[in-house]
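Below is one structure, written out as structure tokens, with a few remarks after it.
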Amino acid sequence: MTQPDEAFQKEFDPQLTRRVLRYLRPYLRLVLGVLVLSLLIALTQPTFGLIQRYAIDHSFGPNALSGTVDLAGRQRLFQILLTAAIVYLCLKGVEFVLRYAATLTINIVGQRVLYDIRSDIFTKLQRLQLSFFDKTPVGRLITRVTSDVDAINQFITAGLVSLLQSTFLILAYVIIMLVVSWRLALISFIVMPVLYWATNYFRARLRDAFRNNSIQQSIVNSKLNENITGMLTIQLFGRENRNAVEFDRANRRLLNARLESVRWFALFQPTVSILGSVASGLVLWYAGDAILGADRLAGAGITLGTLIAFNQWVGQLFQPIQDLSDVFNNLQAAMASSERIFGVLDTPVTIQDKPDARRLNQFEGDVHLDHVWFAYDESVDAHTPDDDPRWTLRGIDLHIRPGESVALVGATGAGKTSITSLVSRFYDVQRGAVRVDGVDVRDLEQYDLRRHIGVVLQDVFLFAGTIESNLTLSNPDIPHERVVQACKYVGVHEFIMALEDGYDTEVRERGATLSTGQKQLLAFARALIQNPDILLVLDEATASVDTETELRIQEALEKVMQGRTSIIIAHRLSTIEHCNRIVVMRRGVVVEEGSHRELLAQNGYYAQLHRLQYAQGDAAD
Ligand SMILES: Nc1ncnc2c1ncn2[C@@H]1O[C@H](COP(=O)(O)OP(=O)(O)OP(=O)(O)O)[C@@H](O)[C@H]1O
């Protein structure tokens, strides 16, 4: 996806270039190979003109054409022509092999570097803390791993290599032309600076036009997407006409952008072609003058063969000059992409294991939030005043004993989910500590901590794969019997067996074909199979299921909670009445605590919430 807010180009930056070049280090031999191959290709190129020149001057020279050569002489001349043709062909064969080897090698290097960078980004993304993903849109990260990485490939194949190859070729042509006839060479070079400038100019205009094209295209795409997915709302609110006008505006901008690029494109090729004709014309005029015997050019050594060879060289010199004019643009585009890629790679990992992090094989399941103050905003620190509005949790004290079930309730945004995120150490607290089995989670290995915590998310995430692999999370050590046992336990076995391939049914489009309730039950089964010591359930999903499914989920939840420390977030208070303890939160603080009965008896905030929900329930009935 195009990111209109991101820069496409950046000035050449030697430091960034050095960092990209570092990725070439493991492939130094291949890079040297490309260098040698490019040099050899550059050397073969002007040779074709030389062979033709030799053949023409020796076979069709003035003597041969004047008719004064006898038959034996003619045969000898033909022999020369034949030899020249064979050498020409052989050399073309060599050129084919060289080009094949060069293209293959450079692309192998380019692709390997891409592979390395993609792996580096992926590894980094996996280590980065959740707060990074809160701030960075998914589309942008995907662009890093796809198009930005491709721009680095451009940097290597179209940038660096093209720079080398074009420079070698230009040097080879210029030297051979100067050696064969310096006068004709200088005449031919007159057009080259104009060609370089024109190519630069047109390519820059074309690139701008293409960029504008893709921006306008992405605007049209997102308008289409919005209109198609939101068609119900659009028709309900009668927004068709207004949306049509908006779409037409975007569509027209796309049309204009496309026409703009067509205009430049239509000018580009004819301009190059005219410049080529001017160069050929100049060569023809000057060489013809010399061949036809102008006195002032006597001794210039220009023959018919030289004329034909020069005509060819001039044409061939155009390509590397055009390529060269594009090299710097390619490099600049790659600069912007590399900067963005290194931006991700350099993001500091704030949540990481201490060198002496403790390992815990068995968890009791004691969870203690000890005077916890927490804010998502990274500019908040331990010294930020208590009344700062950026605090999400303000001095939470909550001790949950092993095997105890605690429900967190409160209005939306009160900080319930934040508490569960802190127990898994997805974020670090600014003040106080979160302790599991008496150990600060910051002193534990993250892998160990999370291995013992089972989380049932409100939006159950199903991966591409079978139902079974989704339940075991692709762990081959979990036997099928255990999976079936867990599914029977939470009451989802019959449903799975009714599917086309039972446990081997492929989950499509992240389980779009499964109902919310079914996904929730699968999530419970998954949690059971992983057998965690601490269970976090974010069960808002029950809010959107029917009463029967809710009862089944309720039953499954009770079973899953048995014997383990559980923290449950529920919006439906009926779900959590049976919990050992209910913690009521409001704006980041705990306002009430106790069992369902105790809280009702207190007649405070919980009782109020409870009354409200029952009133709603009655109204709905
Ligand atoms: N990843 C995040 N980055 C920044 N702010 C966040 C993030 N997650 C939550 N918040 C903010 O923190 C506050 C507490 O959110 P939290 O999700 O903990 O509330 P909650 O009680 O679980 O609400 P709900 O019942 O709606 O899920 C809210 O104001 C929310 O906007």
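All ligand and atom numbering here is 1-based and tracks the order in the structure.
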Near Ser418, which atoms of ligand 1 are under 4.0 Å from a heavy atom of that residue? 14 (C), 15 (O), 16 (P), 18 (O)
Tell me which part of Thr392 gets within contact of ligand 1: side chain, backbone, both or neither, using heavy atoms under 4.0 Å. side chain
Of the options Val456, Val490, Val483, which is the one that meets Leu528 in a side chain to side chain contact (heavy atoms under 4.5 Å, CB included)? Val490
May I ask which of Asp377, Thr412, Leu422 has a heavy atom nearer to atom 26 (O) of ligand 1 than the others do? Thr412
Could you check whether Lys559 makes a cation-pi contact with Tyr489, meaning its NZ or CZ is under 6.0 Å from the centre of the six-membered ring and within 45° of the ring axis? yes
Arg431 charged N/C atom sitting above Phe374 aromatic ring, 6.0 Å / 45°: no
Should Gly415 be listed as contacting ligand 1, given a heavy-atom distance under 4.0 Å as the test? yes
Just let me know how Asp134 lines up against ligand 1, side chain, backbone, both or neither, with a heavy-atom cut-off below 4.0 Å. side chain
Which is closest to atom 6 (C) of ligand 1 by heavy-atom distance: Phe133, Phe374, Tyr376? Tyr376
If the contact criterion is a heavy-atom separation under 4.0 Å, does Tyr427 count as touching ligand 1? yes
Should the pair His368 and His399 be assigned to parallel (<30°), tilted (30 to 60°) or perpendicular (>60°) ring geometry? parallel
Mind checking whether Tyr23 and Phe342 have parallel, tilted or perpendicular rings, split at 30° and 60°? parallel
Does the ring centre of His596 sit less than 6.0 Å away from the ring centre of His610? yes
